[in-house]
There are 2 protein chains.
Amino acid sequence: MDVKTICLGILTFGDATGYEIKKAFQDRLSLLYEASYGSIYPALNKLTTEGLVSCRAESQSKRPDKKIYSITLEGQLAFIRQLKESPAPDKLRSEALTTLMFAHLLPASYVAQLLDDVIGANEKIIETLSGECETKHSLSEKFLCGFGIAVKQAANQYISENRHLLEAESLLSDHAAE
Amino acid sequence: MDVKTICLGILTFGDATGYEIKKAFQDRLSLLYEASYGSIYPALNKLTTEGLVSCRAESQSKRPDKKIYSITLEGQLAFIRQLKESPAPDKLRSEALTTLMFAHLLPASYVAQLLDDVIGANEKIIETLSGECETKHSLSEKFLCGFGIAVKQAANQYISENRHLLEAESLLSDHAAE
DNA sequence: CTGTGCATGTAAATCGTTACATGATTGC
DNA sequence: GCAATCATGTAACGATTTACATGCACAG
């Protein structure tokens, strides 16, 4: 699933400009996906060429023309077709945890600090999501929001209970290179 | 953190061939990172050029020469320097959950099936990791393995308890396009 | 008067996967 | 006899980010 496909999906919620689609990525999908203008605008142009979205321009005084995109019937069909392809397996990318897989090279104090940072960052996300969760109107957004909270809480609990493994790994080796 | 950096890291565990590094990605990091030969071999070549690893060839009868890579002192310093850069935030990429954010376009039976599939896939991962966890020798590997289990278990529990939200979203809308 | 929000886009650079190319050995 | 393991690499392609380019309006 690439940016193009997801833009199409976002347009099933209603017409939007490229700018608004970017916000939708942040509001609805930031837990799973982020996209920059540099990928969204070209994606919308391609979709238009392919006839999967249509575009009407609205002129504004003293602003660039607003281009409002709508998904076409053909676009809806194409999107649903893509939704039904079996999804690729989930992937977690964590530079912090990757770093910690090399705890044997790092001083114990640094490992401890990193772990605290990870826990702190997760807590911040949990807080933010907890606030947002109630403001969400759709059930799927509530689901995703709750999912994020549940997973981050589990992560923090696990880290708190097992961080000694990494801290021990660091202490066991002498990292002369530090 | 790119493949090049992680190859360097893997070599801190001991000398290895490109082939063995690929296995190390699978054995040690598959939860966080995967890499193909198409990225590993060019990475090793670049690292050699940069003097961060050295390479000795071992000729084998009836096989291509084995190229055994070692990290140099300079490489160790460079790697630790990179470990100390503050890590990018974690990212979760889940096509299945992304698909489910569009439950309003899918028939309820399909949503239910997808949820079952996700739970099943997670269970399989939990099982695999549970087996592997004991065979791991290093503490950091045990940590990561346990982390995977904890997070996937939390995910499955959350999904089981809240799947009705997505199933309802699907039922609430009529998806004529199905 | 400064930063944030609105609004669009392009070009280069980065990073990686997939497919191709080759081929012997070992275990079932 | 067939699949998996060992072993290396390149080239084309794909996807996305980053940096650049522009500029007004409004709030604090």
Side-chain angles (χ1 to χ4, degrees), chain A residues 1-11 15-27 29-30 32-50 53 55-69 82 85 88-89 91-93 95 98, chain B residues 1-11 15-27 29-30 32-50 53 55-69 82 85 88-89 91-93 95 98:
Chain A
M1 271 220 259
D2 52 15
V3 171
K4 233 173 76 186
T5 305
I6 298 179
C7 286
L8 210 49
I10 288 170
L11 289 172
D15 297 354
T17 63
Y19 187 82
E20 288 166 340
I21 287 173
K22 174 100 188 324
K23 277 198 300 182
F25 268 96
Q26 284 158 5
D27 294 345
L29 294 173
S30 64
L32 301 173
Y33 222 104
E34 286 282 353
S36 59
Y37 291 125
S39 59
I40 290 171
Y41 284 116
L44 288 169
N45 285 330
K46 264 185 212 165
L47 288 168
T48 307
T49 308
E50 295 167 8
V53 306
C55 172
R56 65 179 189 281
E58 209 165 78
S59 57
Q60 302 184 113
S61 52
K62 322 208 173 160
R63 286 260 175 76
D65 278 11
K66 224 191 228 182
K67 288 189 177 178
I68 300 164
Y69 292 91
Q82 286 181 72
E85 283 169 22
K91 265 159 209 163
L92 168 68
R93 190 53 70 83
E95 287 201 359
T98 305
Chain B
M1 271 220 259
D2 52 15
V3 171
K4 233 173 78 186
T5 306
I6 298 179
C7 285
L8 211 49
I10 287 171
L11 289 172
D15 297 355
T17 63
Y19 187 82
E20 288 166 339
I21 288 173
K22 174 97 187 324
K23 278 197 299 182
F25 268 97
Q26 285 159 3
D27 294 346
L29 293 173
S30 63
L32 301 173
Y33 222 104
E34 286 283 352
S36 60
Y37 292 124
S39 58
I40 291 172
Y41 284 116
L44 289 169
N45 285 329
K46 264 185 212 163
L47 289 168
T48 307
T49 308
E50 294 166 10
V53 306
C55 172
R56 65 180 190 280
E58 208 166 77
S59 57
Q60 303 185 115
S61 52
K62 323 208 173 160
R63 285 260 176 76
D65 278 13
K66 225 190 228 183
K67 288 190 177 177
I68 299 163
Y69 292 92
Q82 287 181 70
E85 282 168 24
K91 263 159 211 164
L92 169 67
R93 190 52 72 83
E95 287 201 359
T98 305

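We name chains A, B, ... by the order of the sequence lines, and we start the count at 1 in each one.
Checked against C/dC15, C/dC6, D/dG9, the side chain of B/D2 finds its nearest nucleotide in C/dC15. In the set D/dT18, C/dT8, D/dT8, the nucleotide with an atom closest to the side chain of A/T17 is C/dT8. Closest to the side chain of B/K66, from the set C/dG16, D/dA7, C/dG9, is D/dA7. Of the candidate nucleotides C/dG16, D/dT18, C/dT8, D/dT18 has the atom nearest to the side chain of A/S36. Closest approach to the B/V3 side chain among C/dG16, C/dT18, D/dT17 is made by C/dG16 (side chain taken as heavy atoms from C-beta onward). Between C/dT17, D/dT10, D/dT8, one nucleotide has an atom nearer to the side chain of B/N45 than all others, and that is D/dT10.
Considering only heavy atoms from C-beta on, B/T5 comes within 4.5 Å of B/D2 through its side chain.
Phosphate contact (OP1/OP2 of C/dG16, side-chain N/O of B/Y33, threshold under 4.0 Å): present. Contact annotation: A/S39 reaches the phosphate of D/dT17 (side-chain N/O to OP1 or OP2, under 4.0 Å). Between B/K67 and the phosphate of D/dG9, there is a side-chain N or O to OP1/OP2 separation shorter than 4.0 Å.
Each of B/Y69 and A/Y37 lies near DNA chain D, and the nucleotide nearest B/Y69 is the one positioned closer to the 5' end.
Partner B/D15 forms a salt bridge (Lys or Arg N to Asp or Glu O under 4.0 Å) with one of B/R56, B/K67, B/K66 and no other, that one being B/R56.
Atom P of nucleotide C/dG5 and atom NZ of A/K22 are separated by 11 Å, given to the nearest angstrom.
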